[in-house]
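These notes concern the structure reproduced below.
The residues of the chain are indexed from 1 along the displayed sequence. Order of listing sets the numbers, starting from 1, for every ligand and every atom in it.
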Amino acid sequence: MHITLPTYQDVVDAATRLEGAANATPVLTSRTIDEEVGAKVFFKCENYQRTGSFKFRGAYNALAKFSEEQRRGGVVAFSSGNHAQGIALAAKLLKIPATIVMPTDAPAAKVAATKGYGAEVVFYDRYTEDREAIGRALAAKHGMTLIPSYDHPDVLSGQGTAAKELFESVGQLDALFVGLGGGGMLSGTTLATRALAPACAVIGVEPEAGNDGQQSFNSGEIVHIDTPDTIADGAQTQHLGNYTFPIILKGVSRVVTVTDEELISAMKFFVQRMKIVVEPTGCLGLAAVRKLKDELQGKRVGVIITGGNIDIDKLGKFLQS
Ligand SMILES: *Cc1c(COP(=O)(O)O)cnc(C)c1O
């Protein structure tokens with residue numbers, strides 16, 4: 001299969017499309033964490049992005065590029081998580097009809113949020129039905145365009161705008177830590193970093209239970225795994241994508257893993273010391289910085305906090321654990 005990979009220019013174009021639609025999220029620092037790890041750490045807070053995660057960036061960029069015919073047909077996406085909300089809000093803002101395919105057991109709050117943005121929700125049974133087949137069938141039958149959560153040039157270019165903003169606001173960094181699921185965020189970040197901060201190491205961070213990205217990076221081939229058992233639900237992907245993997249392989253320095261316990265510890269730090277709510281997957285970056293701190297002494301380090309969507313019951317349980 002021959003594909004044309006996006007470049008940094010696509011990230012720049014995405015940033016122009018996102019102007020006025022996406023939040024330019026804040027960059028926070030913490031003296032406590034700087035002292036703990038011996039580095040200067042800058043947190044890019046996508047938990048404050050519209051819909052509570054960076055997914056809005058890629059979704060909006062992809063939908064803003066739709067042709068008139070695609071707009072009429074509408075968009076379909078399959079997701080029970082942050083991509084669903086990103087697509088639903090972007091579609092609403094751009095007046096494009098949206099259908100989201102969700103499992104019957106998706107959390108009621110997420111279904112309500114998605115419907116609240118005006119999307120139609122179609123349910124499937126996650127144990128007996130194949131959501132990709134359902135999404136493709138809907139797309140074919142109704143002339144809808146399927147937008148995947150990571151493996152799409154416009155999606156990953158949109159995600160890269162967060163790192164672009166980070167470098168524009170804090171200048172050069174020695175290392176940038178990015179949570180890794182299917183690699184939309186990591187590949188977009190890589191495009192921005194290679195262009196704006198060539199000396200900066202880009203480090204992908206996965207849950208230990210789902211290290212398909214690390215295996216793929218180290219072997220040079222996309223490795224498929226079963227759905228991993230981890231609290232990082234935004235990184236429960238089974239494999240990297242045809243667009244995301246080559247960019248990651250070429251421009252990322254390494255992929256590391258952290259445990260669920262390390263994620264919970266980072267989540268507690270965010271709430272207690274920085275007063276911010278971060279979902280488990282959003283904690284990957286800080287957990288890895290703490291783990292690798294011996295290598296980071298005296299360095300300037302970026303962390304992308306990827307999202308903040310978590311049920312408050314679950315948050316309470318993690319904080320008490
Ligand atoms: C989707 C998501 C990720 C992983 O992003 P990919 O582009 O799939 O690698 C990380 N954190 C959060 C909060 C997410 O929603």
Side-chain angles (χ1 to χ4, degrees), residues 6 11 14 25 43-59 61-62 77-89 107 110 113-114 147-163 176-192 202-207 210-214 216-217 222 227-228 230-245 247-248 252 255 257-258 263 266-267 270 276-288 303-311 314-315:
V11 178
T25 51
F43 295 96
K44 177 67 171 165
C45 293
E46 288 296 298
N47 54 318
Y48 294 132
Q49 186 48 264
R50 294 182 82 172
T51 71
S53 88
F54 70 83
K55 292 283 197 319
F56 176 73
R57 293 177 184 267
N61 186 49
F78 40 81
S79 165
S80 56
N82 291 335
H83 179 58
Q85 292 170 62
I87 288 282
L89 176 60
K110 292 207 163 149
T114 305
I147 297 295
S149 69
Y150 58 88
D151 202 23
H152 189 288
D154 301 334
V155 171
L156 73 87
S157 302
Q159 318 307 27
T161 59
L176 178 52
F177 287 78
V178 187
L180 171 58
M185 184 40 130
L186 182 59
S187 57
T189 298
T190 300
L191 294 178
V202 180
I203 296 148
V205 188
E206 280 184 314
N211 75 333
D212 62 288
Q214 185 180 51
S216 305
F217 184 77
I222 297 178
T227 300
T230 167
I231 60 170
D233 54 337
Q236 278 181 313
T237 38
Q238 294 173 268
H239 55 86
L240 300 180
N242 294 319
Y243 287 92
T244 61
F245 180 59
I247 297 171
I248 289 169
V252 166
V255 178
T257 65
V258 297
L263 293 176
M267 189 185 301
F270 281 130
I276 59 177
V277 173
V278 182
E279 64 183 276
T281 320
C283 295
L284 286 164
L286 174 58
V303 169
I304 298 185
I305 296 179
T306 51
N309 292 324
I310 180 168
D311 288 345
K314 260 198 193 162
L315 177 66

Worksheet item: Roughly how far apart are Asp212 CG and Leu180 CG, rounded to 0.5 Å?
Response: 7.0 Å
Discussion item. Centroid separation under 6.0 Å, is that true for the rings of Phe245 and Phe217?
Written reply: no
Worksheet item: Which pair of heavy atoms, one from Tyr150 and one from Leu240, lies closest together, and at what distance?
Response: CE1-C, 4.1 Å
Worksheet item: Could you state the interatomic distance from NZ (Lys55) to OG1 (Thr306), rounded to the nearest 0.5 Å?
Response: 7.0 Å
Worksheet item: Which of these, Asn82, Asn47, Thr281, sits in a side chain to side chain donor-acceptor pair (under 3.5 Å) with Asn309?
Response: Asn82
Practice prompt. Could you tell me whether the side chain of Glu206 and the main chain of Gln214 form a donor-acceptor pair under 3.5 Å?
Written response: yes
Discussion item. When you compare ligand 1 with Met185, is there at least one nitrogen or oxygen pair between them that comes in under 3.5 angstrom?
Written reply: yes
Practice prompt. Run the numbers for me: atoms of ligand 1, each under 4.0 Å from some heavy atom of Gly234, listed by number.
Written response: 1 (C), 2 (C), 3 (C), 4 (C)
Item to complete: Please state which part of Glu279 comes within less than 4.0 Å of ligand 1, counting heavy atoms only: side chain, backbone, both or neither.
Response: side chain
Worksheet entry | Which residue and heavy atom of the protein sit nearest atom 8 (O) of ligand 1, plus the separation | Gly182 N, 2.9 Å
Worksheet item: Which pair of non-hydrogen atoms, one from Asn61 and one from Ser157, has the smallest distance, and what is that distance?
Response: ND2-CB, 4.1 Å
Item to complete: Indicate yes or no: does an N/O atom of Asn82 lie under 3.5 Å from an N/O atom of ligand 1?
Response: yes
Practice prompt. Number the atoms of ligand 1 from 1 as they appear, then name those within less than 4.0 Å of a heavy atom of Gly184, with their elements.
Written response: 6 (P), 7 (O), 9 (O)
Worksheet item: Does Gly81 have a heavy atom less than 4.0 Å from any atom of ligand 1?
Response: no
Item to complete: Just need the protein heavy atom nearest to atom 10 (C) of ligand 1, so name the residue and atom and give the distance.
Response: Thr281 CG2, 3.4 Å
Fill in: Ion pair Glu46/Arg57, N-O distance below 4.0 Å
yes
Fill in: Closest non-hydrogen atom pair, Leu286 against Val303
N-CG1, 3.8 Å
Item to complete: Taking only heavy atoms of Gly307 into account, list the atoms of ligand 1 that are under 4.0 Å away from them.
Response: 13 (C)
Discussion item. Could you tell me, atom by atom, which parts of ligand 1 come under 4.0 Å of a heavy atom of Gly183?
Written reply: 6 (P), 7 (O), 8 (O), 9 (O)
Worksheet item: At what distance is the nearest protein heavy atom to atom 13 (C) of ligand 1, and which residue and atom is it?
Response: Thr306 OG1, 3.3 Å
Discussion item. Which residue and atom name correspond to the protein heavy atom nearest atom 5 (O) of ligand 1, and how close is it?
Written reply: Phe54 CZ, 3.4 Å
Discussion item. How far is atom 2 (C) of ligand 1 from the closest protein heavy atom, and which atom is that?
Written reply: Lys55 NZ, 2.4 Å
